[in-house]
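The shown structure was predicted, so the numbers you read here are calculated from the model rather than taken from an experiment. Below, chains carry the letters A, B, ... as their sequence lines are ordered, and counting in each starts from 1. Heavy atoms only: backbone and side chains are in, while hydrogens, waters and symmetry mates are out.
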Amino acid sequence: MESDQLLIRRAIDGDERALRQLWSQYAPRIDAVVKRLAGDPDLAADIAQDVWIQIFRALKTYRGDAQFGTWAHRIAVNRTLNALRKVRRLAKVEMDIEEDSVSVEMDSDRAFVAASIEEAARKLPDGARTVFMLHDVEGYTHEDIARELGITPGASKSQLFKARAKLRRLLAHLVDHLPAPSRAHVAPAS
Amino acid sequence: MSHLHPERLAALADGEPTAAEAAHLSSCSSCAHEIAAHRRLLMLAWQEREALSAPLASWSTLAESLRSEGILRDTALSGSRGGGGHGGGVRSPWWLQAAAAVVLLVGGFGIGRLAPAAMGGATATAEPQSETTRLASNADTTVTFRSTAEAISVLQRAERDYRMAMMYLAGQDTVTPTADDPDIYRARLAALDEMAGVALSAVHQAPQDPLMNRYYLSTLGARDATLRQLGERLPENVQLVGF
């Protein structure tokens, strides 16, 4: 298997095979991030194209300090948020929680759980959903989120806790039947 | 103390309670249950990070954009355009790309040993036995490649060298009919048709066999090329409509 470094060098030279191999290798994870953040599949597809162009355009600046996947993930998040900001004027993050519910049935299947979370997250206002995805899924700190979204860390926390409270209600049937995890099994706090 | 606020319970999923909250939680099963539920939710969310997605865009679409941006340059190895999404369509699998070279090399070694005997060129006929031995020796040599791309590159370079060698040998050949003789191409077409038929039968018996697929596809490619060559060498008043 060709190393990422060699692959990247060739990709910088515009070698289609190398570019495509990088895309093939990392698209499943990068596009998943875009999809989670965008929410809407059509919008996500538009953004993903732009994200990959940006990743390849920025290849020359990749210094290898972090894993390529981590570096590309950052670009994907940043580019997606920029795109969403344009579309939804995300800078104005406000909570406007609808008190509806998500119909979920008990199922241990992982795909079902993922779909349930995705569906429930779509019920959140865009800003709150983005904060939830960035913090609880992508592992960003509130400081990172604040920088990305142009809000304060306190506002990020507030949005997150409101989003969690809403999701907890929407996903009650799911989370009430799972075994309780220890503190060590949950995402690191920030 | 009354129950904790729902958003505070959400915060305590990964946060530290105050002393008063800790005291309350030790005696309030309802709030403790809520925090446990939030931790389960957090665990599910965290697991989502590892989730994968089917690519949201096709490579062909992305490649076009990269070309227009000047990020992707066309190379000899870049292959065809068009086609579909993840992992397919734009370029044939590597074994299809390598097919022509493989066939030419495999066939070439055989022909290479036989051709000089029919030719008058002194250079080409020199020490046929030792040449055969050398080729066999090379075949036994263990060669390692760092990547598929490198292996294909070597294969294509070998194919190019092979063609040049064949051109040289053809130039030395004073026995066989000249390359302008349409009969050469007619005979080749007939042979290729037979080869294609045999290869196709093998493909029908083992559709997943990449080796037989290579031979079949390469034979078809060689047939098309020969057909074009034949068409170019026919008299002007004769039009090739099929073979």
How about [X] and [Y]: do any of their side-chain heavy atoms sit closer than 4.5 Å?
X	Y	result
A:E16	B:R67	yes
B:W59	A:S24	no
B:H33	A:D176	yes
B:L42	A:R164	yes
B:E34	A:R168	yes

Quick one: what part of [X] sits under 4.5 Å from any heavy atom of chain A, side chain, backbone, both or neither?
X	result
B:E7	both
B:H5	neither
B:A54	backbone

- Assess whether side-chain hydrogen bond (donor to acceptor under 3.5 Å, both in side chains) is satisfied between A:Q49 and B:S65, documenting all intermediate values. CA-CA 9 Å; A:Q49 169 102 350; B:S65 299; 2.6 Å; yes

- Item | Which portion of A:D13 sits near chain B, non-hydrogen atoms under 4.5 angstrom |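 Both the backbone and the side chain of A:D13 come within 4.5 Å of chain B.
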
Search all heavy atoms of [X] against all heavy atoms of [Y] and return the closest pair with its distance.
X	Y	value
A:F56	B:L66	CD1-CD1, 3.6 Å
B:P55	A:W23	CB-CZ2, 3.7 Å
B:A10	A:A165	CB-N, 4.0 Å
A:V137	B:A45	CG2-O, 3.6 Å

- chain B contacts, top residue of A:I53, A:I12, A:V34, A:I117 (heavy-atom pairs, under 4.5 Å):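 Highest number of heavy-atom pairs under 4.5 Å: A:I53.
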
- Task: Please determine if B:E50 and A:R29 form a salt bridge, counting it only when a charged side-chain N lies under 4.0 Å from a carboxylate O.
- Result: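 Here B:E50 pairs with A:R29 in a salt bridge, since their nearest N and O are under 4.0 Å apart.
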
- Query: Salt bridge or not for B:E69 and A:R57, using N-O below 4.0 Å?
  - Reply: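 Between A:R57 and B:E69 there is a salt bridge, with a charged N closer than 4.0 Å to a carboxylate O.
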
Can you tell me how far apart [atom1] ([X]) and [atom2] ([Y]) are? Round to the nearest 0.5 Å.
X	Y	atom1	atom2	answer
B:L56	A:W52	CG	CH2	11.0 Å
A:D136	B:R49	CG	CZ	11.5 Å
A:L19	B:L62	CG	CG	8.5 Å
A:R169	B:L41	CZ	CG	12.0 Å
A:I30	B:L52	CD1	CG	11.0 Å

- Message: Among B:A11, B:A37, B:P6, B:G70, which residue has the highest count of heavy-atom pairs closer than 4.5 Å to chain A?
- Response: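 Looking at each of B:A11, B:A37, B:P6, B:G70 in turn, B:A11 comes out on top.
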
